[in-house]
Visitor: 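Attaching a single structure in structure tokens format; questions to follow.
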2 protein chains.
Amino acid sequence: MSQPSSSRLPHVVVLGAGFGGLRFAQDFDSRRARVTVVDRQNHHLFQPLLYQVATAGLAAPDIAQPIRSLLKHKPNLEVRLAEVTGIDLAQRRVHLDRGELSYDYLVIALGGRTTYFGRPEWEQHAPGIKSLDDAMRVRREVLLAYERAEREDDPVRRRDLMTTVVVGGGPTGVELAGSLAELARKVMRRDFDRIDPREARIILVEGSDAVLGAFPPDLAASARRQLEKMGVEVRTGVRVTDLRRGEVHIGDEVLRAGTVLWGAGVGAAAVTQSLGIALDRAGRIPVNPDLSVPGHSDVFAVGDLTTLKDANGQIVPGVAQGAIQGAAFVADVLNRSLQSGVPSDPARRPAFAYRDKGNMATIGRRAAIAQIGRIHLQGLPAWLAWLALHLFFLVGFRNRLSVLLQWTYSYFSYKRGARIIMGMDQRGSPAESLVAAQKISVQE
Amino acid sequence: MSQPSSSRLPHVVVLGAGFGGLRFAQDFDSRRARVTVVDRQNHHLFQPLLYQVATAGLAAPDIAQPIRSLLKHKPNLEVRLAEVTGIDLAQRRVHLDRGELSYDYLVIALGGRTTYFGRPEWEQHAPGIKSLDDAMRVRREVLLAYERAEREDDPVRRRDLMTTVVVGGGPTGVELAGSLAELARKVMRRDFDRIDPREARIILVEGSDAVLGAFPPDLAASARRQLEKMGVEVRTGVRVTDLRRGEVHIGDEVLRAGTVLWGAGVGAAAVTQSLGIALDRAGRIPVNPDLSVPGHSDVFAVGDLTTLKDANGQIVPGVAQGAIQGAAFVADVLNRSLQSGVPSDPARRPAFAYRDKGNMATIGRRAAIAQIGRIHLQGLPAWLAWLALHLFFLVGFRNRLSVLLQWTYSYFSYKRGARIIMGMDQRGSPAESLVAAQKISVQE
């Protein structure tokens, strides 16, 4: 790629290289503009499989691809590794942790973040998974809890250490709970000398009446049965009232656990607060039908940090497809405008219409649910559909091959290749919250 | 595995599950003893490929296997995740960071550690690679240096950031330098917009007159030629006199660099200091011909923390084969003794004889040297031999398949699958030494 020949070209700034930002950058015709893609990580992450990294089924590089590498064929496009600290709509500027960028068009695709029902102090005791670092932290804490149980003499404490509580019965919580049950009961069953991991308790706590409540009731009920069959204790209709180290309070009851994981509350990336516009309760931007930000026709937002009833009156769900379709729509709007050479007239832009391609959630080996139009699948057929779709959409040929290999291997061997604890050398990292008692330091 | 039925069985404690400790545990007949294997990591690491994790060619789990999983078929064997803090030979006790163990027989196989010629303060500016965490740190620092160069406006500073100095011309230094040259000049060549990674400088600094000086002169000279052909600047006969952030002083000259890596000085694990016996300058134990520790016939040591002229008057080299053969020898001595039921008489034990199976070092794609008996190979044939051998010895079927896949893929595509920066979320970790100037924090 060469330096853009003319800095007179309009500057399109894309914030975030997740599903939305990447799709925009790929679909946008960058010959008629300068494009800068900003992300705080150097990689695009295939989030739907992040729970597999957390539960030692996949290696981190299997689900990530360098952003530079994905976009290197695009002319006039620059990738910037930086964190967005604020957006100044009036001045048309984006503030970064290092420097700032001015834009002619802005696409905000920074995604969501884990929220703790207004209790940010809970985070240190119950990590969520949004990044590879989060996933590695969860993997380490889960595996270390069993190591601690193995050397614990007190049977009560041992049982506590072998208990994992997952808060939140949405897709992330369900995937984590199912995968953790398999890890303990199948993968690690014979690895220890003093403890029997088959006695591990995995408790899934959900505030509403059903897990995977976004699915039709028959599928949600099926998901619960499949979870219970795998040994997960499902507790619905219970709210977390307090959370301390190794303790989850639900009403008057206290669940003691070696590991507590957070699969609940998803809000918008915090940077939306800097926009100075009205947001919904979760901090999401109530975008216009053309996905522009209210009052700013050259600023668009897509994905998890937006909220919208689309052209068909349907609420666009906070899933990958919502971000991807929104980003493709915005790229199309801008391509047309730049091709014609006249600024796009917001009043004449089409309205975004979300196309529901179906929805699926996996629970474990041969356990999943799927809704594709009127077709409801559960168990093995749903799981096969899930496998095929995730392999298909995983970015990068190498990753597809590698993940296929890992899955095939673990399907037949009941082993997980990534059962490796890393990051023990980093003293004082947040990862140590649950293991603070047991100093693990660098061997000198 | 069940709890050992009788605690009357002699207790064999194995410190370390590297090449030596693992081989001992596998070869030792654990039906006649209780065995405890202690390691501060939960995984056995295939160290010869660690540089590939550091240079983004392989994922961490590709070269690691859970120790529990590798040893779960052994009866009466317990694995303990703990750090050895001291050994009390008089009391026959091992002190751990949590608790202690008493032993009847002890096998010390804790390996080596990176040393800095008596200048421990250099470590923060020039990481070595001994663990997966080290490798991840190096990967992050190398990739971040190019990211910093990309946004640097000053051409002098940009050139500095695109310079990597590798200290030490042994196998680790040579592998790192060759792999880094390929990463910059081939893999990343078209990834950036403002910088051209083909202009990157990789400088290999070695104090003696040759790189890979342990090899015959013709092969060492060939290694140098192969490195230079790949664009590595090889500086032999120069000693590092000082090392600061981004600066390597060699005599009066100062090399400025974005990344400095340490492939030199290897000493024994520090715990040898606690033995209270005479050690060599590098802290290594001068073991008896039967690999027992002087004055303690029930305590054995194998691998990098020992020094020995074997039965043939040959110095046992500090390579994987030295540890593996030594461990097999000790397992055999103890197996015989426990089988016969009478304590082994040190005076009648055989002397260990190291069998030289050859030696090889890789430099890059189709570049390596190998010595197998009187056969000297270089270039493609040496590289193919290296590939075959490393695939063959890599522990675990899944890892072999996965590594084969990654290598095949990157051979044909010139891409590296693991070009993923992780660990940016850990503020204040040692990894931040080189990037302290540029705050990279958690996006809220």
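Naming convention: chains lettered A, B, ... in sequence-line order (proteins, then strands); numbering from 1 in each chain.
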Visitor: Would you find a donor on one side and an acceptor on the other, under 3.5 Å apart, between the side chain of A:T272 and the backbone of A:A268?
Guide: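 Looks like no, no N/O pair under 3.5 Å.
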Visitor: Against chain A, label B:M188 side chain, backbone, both or neither, depending on which of its atoms sit under 4.5 Å from a heavy atom there.
Guide: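 Answer is neither: B:M188 stays 4.5 Å or more from chain A.
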Visitor: With a 4.5 angstrom heavy-atom cut-off, is it the side chain or the backbone of B:I421 that approaches chain A, or both, or neither?
Guide: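 Both backbone and side chain.
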Visitor: From the options A:R98, A:R68, A:R40, A:R80, select the one residue that forms a salt bridge (charged side-chain N to carboxylate O under 4.0 Å, His left out) with B:E147.
Guide: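 It is A:R68; the other options fail the test.
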Visitor: Let me know if B:Q406 has heavy atoms under 4.5 Å from chain A in its side chain, its backbone, both or neither.
Guide: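 When you check distances to chain A, only side chain atoms of B:Q406 fall under 4.5 Å.
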Visitor: Sort A:I420 into side chain, backbone, both or neither according to what part of it lies under 4.5 angstrom from a heavy atom of chain B.
Guide: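 Interface part for A:I420: both.
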Visitor: According to side chain to side chain donor-acceptor pair (under 3.5 Å), who are the partners of B:S69, at least two apart in sequence or on a separate chain?
Guide: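 Applying side chain to side chain donor-acceptor pair (under 3.5 Å) to B:S69 gives none.
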Visitor: Taking side chain as everything from C-beta outward and backbone as N, CA, C, O, which of these in B:L143 sits under 4.5 Å from a heavy atom of chain A? Side chain, backbone, both or neither.
Guide: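 Side chain of B:L143 only, per the 4.5 Å heavy-atom cut-off to chain A.
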Visitor: Picking from A:A59, A:A56, A:P66, which has the most non-hydrogen pairs under 4.5 angstrom with chain B?
Guide: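 It is A:P66.
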Visitor: From the options A:R194, A:R158, A:R157, select the one residue that forms a salt bridge (charged side-chain N to carboxylate O under 4.0 Å, His left out) with A:E152.
Guide: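 By the salt bridge (charged side-chain N to carboxylate O under 4.0 Å, His left out) criterion, A:E152 pairs with just one of A:R194, A:R158, A:R157: A:R157.
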Visitor: Is the number of heavy atoms from other residues, nucleotides or ligands within 6.0 Å of NZ (B:K130) greater than 12?
Guide: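 Counting other residues, nucleotides and ligands, NZ of B:K130 exceeds 12 neighbours.
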